[in-house]
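When a ligand or atom number is given, it counts from 1 through the structure's own listing order.
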Amino acid sequence: MKIRVGFGYDVHRLADNRDLWLGGVKIDHTQGLMGHSDADVLIHAICDALLGAANLRDIGFHFPDTAGEYKDIDSKILLARTLEVITEKGYAIGNIDATICAERPKMNPHIPQMQKIMAEILKISENDISIKATTSEKMGFVGREEGFAAYAVALIEKQ
Ligand SMILES: [Zn+2]
């Protein structure tokens, strides 16, 4: 069995009058993330980790933000399409590990739901998708609450 690893990173700016979507879950907060899609920074980092593991470029290559069809798109759709493209290339997901970097709000209460939603889309066990959260100790753009960042690694296996 051949295994491969991939890494993903994404960042989005916080803005007023936007819903906050993370890991496919809508979270109550004073601001939301801004972007061409729903700006789900966690899903985007996970898509990039999966695509990178399969050497299939990145999320912007597959779903360009100049394409009108992706305007305000639900990132869960992008995650499902990412699974399709890696499956077409003969890969199955081993496991995913991700970290959200955000000063506020508290992520821990939402993590089980994120795991459930994304595991269902990716057709894996909730045990194979780990989500962690950290603040930036008030330093940098995350610390100043200008935006959120997310990092992910994914292991995939050639079937
Ligand atoms: Zn993004």
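Closest approach between the Zn ion (ligand 1) and any N/O/S atom of H12 involves NE2. When the Zn ion (ligand 1) is compared with the N/O/S atoms of H44, atom ND1 turns out nearest. For D10, the N/O/S atom at the shortest distance from the Zn ion (ligand 1) is named OD2.
With respect to the salt-bridge test (charged N to carboxylate O, under 4.0 angstrom), the residues K26 and D38 do not qualify. The pair D97-K132 counts as a salt bridge, with a side-chain nitrogen and a carboxylate oxygen less than 4.0 angstrom apart.
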Practice task
In sequence, state the C-alpha distance, the side-chain angles, and the governing distance for H110 and N108, and then conclude on side chain to side chain donor-acceptor pair (under 3.5 Å).
Solution key: CA-CA 5 Å; H110 306 289; N108 279 334; over 6 Å; no

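No donor-acceptor pair closer than 3.5 Å links the side chain of D10 to the backbone N or O of A150.
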